[in-house]
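Order of listing sets the numbers, starting from 1, for every ligand and every atom in it. Any value given below was found using the heavy atoms of this structure, including those in side chains, with hydrogens, waters and symmetry copies removed. Every value quoted in this text rests on a predicted model; they were computed, and no experiment measured them.
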Amino acid sequence: MKKYDAIMIGFGKGAKTLAAEFAKQGKKVAMIEKSSKMYGGTCINEGCIPSKSLIVQAGKRTFSDAINKKEEITSILRKKNFEKLNQNPNIDVITAKASFVNTHVISYENEKGTKEIYGDYLFVNTGSVPIIPNIQGIEHTKHIYVSADIMKEKEQPKTLAIIGGGYIGLEFSSMFARYGTQVTVFEYGDRLVKREDEDIALHIQQILERQGVQFEFKSNVLSVENVNDSDVIVTYKNKDGNIQQLTVNAVLLATGRKANTDGLHLEQAGVETDARGAIKVNRYLQTSQPHIYAMGDVKGGLQFTYISLDDYRIVKDHIFGDKKRTTDNRGAIPYSVFIEPTFSRVGMSEEEAKNEGYEIKVAKLAVSAIPRAHVNECKEGVLKAIADAKTDKILGCVLLCTASEEMINFVQLAINLGLKTSDIANHIFTHPTMSEALNDLFGNF
Ligand SMILES: Cc1cc2nc3c(=O)[nH]c(=O)nc-3n(C[C@H](O)[C@H](O)[C@H](O)COP(=O)(O)OP(=O)(O)OC[C@H]3O[C@@H](n4cnc5c(N)ncnc54)[C@H](O)[C@@H]3O)c2cc1C
Ligand SMILES: NC(=O)c1ccc[n+]([C@@H]2O[C@H](COP(=O)([O-])OP(=O)(O)OC[C@H]3O[C@@H](n4cnc5c(N)ncnc54)[C@H](O)[C@@H]3O)[C@@H](O)[C@H]2O)c1
């Protein structure tokens, strides 16, 4: 049986970066990825990059041209990811589905039959899969998609129902609407983005409604069925309890994603999972077997590529470093939802800060007051900051504006460094930029 210092299961962000690190240290690594279409993981092939490519191209290209462009970008990145590891003499890239035989042995099957390999360390980075809601007719109805599949269809649906108003629901509704598709979002909740303040949720809703998106809040989709070859009838209970129907060309399921442990046989290695099926880890990302680590979506919690990357840093530090980095000291974690304009947040919302017992002060700035927003011809949105009234320290910030995905990283650094609102209010920014609006926002307290 071939022996490795480290076996990576899944070509996710954390594992591929860790594989290169192990190899750099002269260790022998096996990277096992189940599909030749997935080198580089979800982000590059089915997640962040293809969706952001389609989002950026909306309004610039036709839908089918944008799909072609997206294919071009993802195939370049996939190839680069494969070659980077495959050309490394210390790394074997194995294309096969892996499963545990015991605490150190992994089995996989390829055209030559079943093989087993041994690893001193093992790393599970198998990502997540869409949750398929329990809706009558969902398994056998045509034109029902998850995010990965709908991004492969060249034909643009004229009408689209999206079930779920979370990250994917928001990004895909804004994107399809801007290609000219009539979009209806069905959401369980009584409003969008439950973890955000109500004023911000309302802003987001109004922006999307102006783009033509319709929302059915507090709705429950009961069944889907094909009416002819090209249409789907969606039957749902609306917020008033009335049964309604909507006929659309396609339905996108965006009701969350769960840890992907399917077929891994974790039990053979004694690796425990939690009630939601995610792999249980400690703050160093060790599983119930100390030499087996889990990184990225498969361990539950926040599902972002940059979390998987940070998981790599924690594991690297635990194995090769001073063991100081943990999941407890990552600092404030920002996020961006790529609707148009982008919505980004870091730190606490107003409501969260109040619930934590802070005496707070709140500052707001309308995007229409920003010179660069006029240049960009995108004057929609709002900026909001929350600070501790006693210490003037920044507690949180919400940016609903063009380029907020860039700006939020600056505010994150300010929060992590413990800066005060006056530090940003008096910071020198280049002009004319969206970032310089942070002078005014933080000067508005
Ligand atoms: C549509 C969409 C848009 C997104 N947009 C963003 C965004 O803008 N920003 C952001 O930060 N995050 C975004 N995300 C989330 C992000 O894609 C994930 O959090 C991230 O890719 C998770 O990476 P990972 O390291 O956990 O593993 P993944 O990248 O999911 O990699 C897991 C790999 O393991 C392989 N695998 C699974 N089982 C096995 C097995 N048994 N044997 C061998 N290989 C196996 C899979 O084929 C896959 O390649 C988006 C997700 C989606 C779906
Ligand atoms: N920009 C980004 O960083 C980005 C973009 C896309 C996806 N992602 C990641 O992908 C993950 C999955 O995204 P997602 O949008 O599928 O999940 P999500 O958890 O963000 O949202 C799911 C939504 O579906 C609703 N819902 C669940 N079941 C429903 C039903 N039967 N009917 C109506 N509504 C229902 C929930 O109330 C929730 O609002 C996210 O957690 C996120 O981490 C990130």
Side-chain angles (χ1 to χ4, degrees), residues 7-18 31-52 54-55 78 81 94-100 106 108 123-135 138 146-148 150-151 162-172 175 185-195 216-222 236 252-266 294-299 301-309 311-312 333-339 342-344 405:
I7 299 177
M8 312 287 161
I9 306 174
F11 212 129
K13 184 77 176 174
K16 71 181 178 194
T17 320
L18 191 64
M31 162 60 81
I32 315 184
E33 166 52 52
K34 72 173 179 193
S35 164
S36 61
K37 297 198 171 90
M38 289 297 286
Y39 302 130
T42 303
C43 170
I44 283 164
N45 298 291
E46 299 188 334
C48 332
I49 300 295
S51 60
K52 265 80 264 183
L54 290 174
I55 286 166
R78 181 160 57 240
N81 268 267
I94 299 165
T95 309
K97 185 166 176 171
S99 62
F100 282 90
I106 296 295
Y108 62 88
F123 302 93
V124 186
N125 191 202
T126 48
S128 58
V129 286
I131 296 170
I132 306 300
N134 189 10
I135 293 171
I138 209 145
V146 293
S147 55
I150 204 162
M151 290 192 283
I162 300 183
I163 306 181
Y167 274 83
I168 294 178
L170 289 180
E171 289 189 355
F172 280 63
M175 185 249 287
V185 177
F186 293 91
E187 166 58 46
Y188 267 161
D190 57 0
R191 67 164 169 95
L192 289 177
V193 288
K194 257 274 152 65
R195 53 183 303 202
E216 289 285 347
F217 293 113
K218 286 179 93 174
S219 63
N220 190 6
V221 175
L222 304 171
Y236 63 99
L252 171 65
L253 306 177
T255 49
R257 293 173 65 88
K258 60 175 185 197
N260 179 17
T261 57
D262 180 42
L264 275 178
H265 297 311
L266 292 171
M295 296 182 284
D297 290 4
V298 76
K299 66 177 202 310
L302 294 174
Q303 298 175 340
F304 298 118
T305 297
Y306 44 93
I307 292 295
S308 187
L309 177 64
D311 289 352
Y312 142 79
I333 298 169
Y335 49 86
S336 291
V337 187
F338 294 86
I339 54 173
T342 314
F343 161 69
S344 304
E405 68 273 28

Checking a contact table here: which protein heavy atom is nearest [atom], and how many Å away?
atom	result
atom 26 (O) of ligand 1	D297 N, 2.8 Å
atom 29 (O) of ligand 1	T42 N, 2.8 Å
atom 3 (C) of ligand 1	G47 C, 3.4 Å
atom 44 (N) of ligand 1	K34 N, 3.1 Å
atom 8 (O) of ligand 1	K52 NZ, 2.8 Å
atom 39 (C) of ligand 1	T126 CG2, 3.5 Å

Do we see a donor-acceptor contact under 3.5 Å between the side chains of T95 and Y39?
yes
Ligand 1 versus [X], non-hydrogen atoms closer than 4.0 Å: side chain, backbone, both, neither?
X	value
S308	side chain
N45	neither
A96	backbone
F338	side chain
C48	both

Compare E33, M38, M295 and give the one whose heavy atom is closest to atom 33 (C) of ligand 1.
E33
Minimum non-hydrogen distance to atom 16 (C) of ligand 1, winning option of I307, V124, T305:
T305
I need the atoms of ligand 1 closer than 4.0 Å to a non-hydrogen atom of [X], numbered in the order shown.
X	answer
N260	37 (C), 38 (N)
Q303	15 (C), 19 (O)
N125	24 (P), 25 (O), 26 (O), 27 (O), 31 (O), 32 (C), 33 (C), 34 (O)
S51	3 (C)
G12	25 (O), 27 (O), 28 (P), 29 (O), 31 (O)
F11	33 (C), 34 (O)
L264	41 (N)
G41	29 (O), 31 (O), 49 (O)

Could you check whether atom [atom1] of [X] has more than 12 heavy atoms from other residues, nucleotides or ligands sitting under 6.0 Å from it?
X	atom1	result
K218	NZ	no
K37	NZ	no
N134	CG	no

Would you confirm whether the ring centroid of Y312 sits within less than 6.0 angstrom of the ring centroid of F123?
no
Answer yes or no: is there a side-chain heavy-atom contact under 4.5 Å between [X] and [Y]?
X	Y	result
D297	N260	no
N125	D311	no
I135	I163	yes
K16	M8	no
R257	P130	yes
V146	V129	no

Indicate yes or no: does an N/O atom of [X] lie under 3.5 Å from an N/O atom of ligand 1?
X	result
S128	no
R257	no
A98	yes
E46	no
D262	no

Is there a donor-acceptor pair under 3.5 Å between the side chain of T342 and the backbone N or O of F338?
no
Can you label the angle between the F304 ring and the Y167 ring as parallel, tilted or perpendicular, going by 30° and 60°?
perpendicular
Would you mind listing each N/O atom of ligand 2 next to any protein N/O under 3.5 Å, plus the distance?
from: ligand 2; atom 1: 1 (N); to: E171; atom 2: OE2; distance (Å): 2.7
from: ligand 2; atom 1: 1 (N); to: S336; atom 2: O; distance (Å): 2.8
from: ligand 2; atom 1: 15 (O); to: Y167; atom 2: N; distance (Å): 3.2
from: ligand 2; atom 1: 15 (O); to: I168; atom 2: N; distance (Å): 2.8
from: ligand 2; atom 1: 16 (O); to: G256; atom 2: N; distance (Å): 2.9
from: ligand 2; atom 1: 17 (O); to: G256; atom 2: N; distance (Å): 3.4
from: ligand 2; atom 1: 20 (O); to: Y167; atom 2: N; distance (Å): 3.1
from: ligand 2; atom 1: 31 (N); to: Y188; atom 2: OH; distance (Å): 3.2
from: ligand 2; atom 1: 34 (N); to: Y188; atom 2: N; distance (Å): 3.2
from: ligand 2; atom 1: 37 (O); to: E187; atom 2: OE2; distance (Å): 2.7
from: ligand 2; atom 1: 39 (O); to: E187; atom 2: OE1; distance (Å): 2.8
from: ligand 2; atom 1: 39 (O); to: E187; atom 2: OE2; distance (Å): 3.3
from: ligand 2; atom 1: 41 (O); to: Q303; atom 2: OE1; distance (Å): 3.3
from: ligand 2; atom 1: 43 (O); to: Q303; atom 2: O; distance (Å): 2.6

From [X] [atom1] over to [Y] [atom2], what is the distance, rounded to the nearest 0.5 angstrom?
X	Y	atom1	atom2	value
I307	M295	CD1	CE	13.5 Å
N81	E33	CG	CD	10.5 Å
I49	M151	CD1	CE	10.5 Å
Y236	N220	OH	CG	12.0 Å

Please identify each residue that fulfils side-chain hydrogen bond (donor to acceptor under 3.5 Å, both in side chains) with K97, with sequence neighbours left out.
none
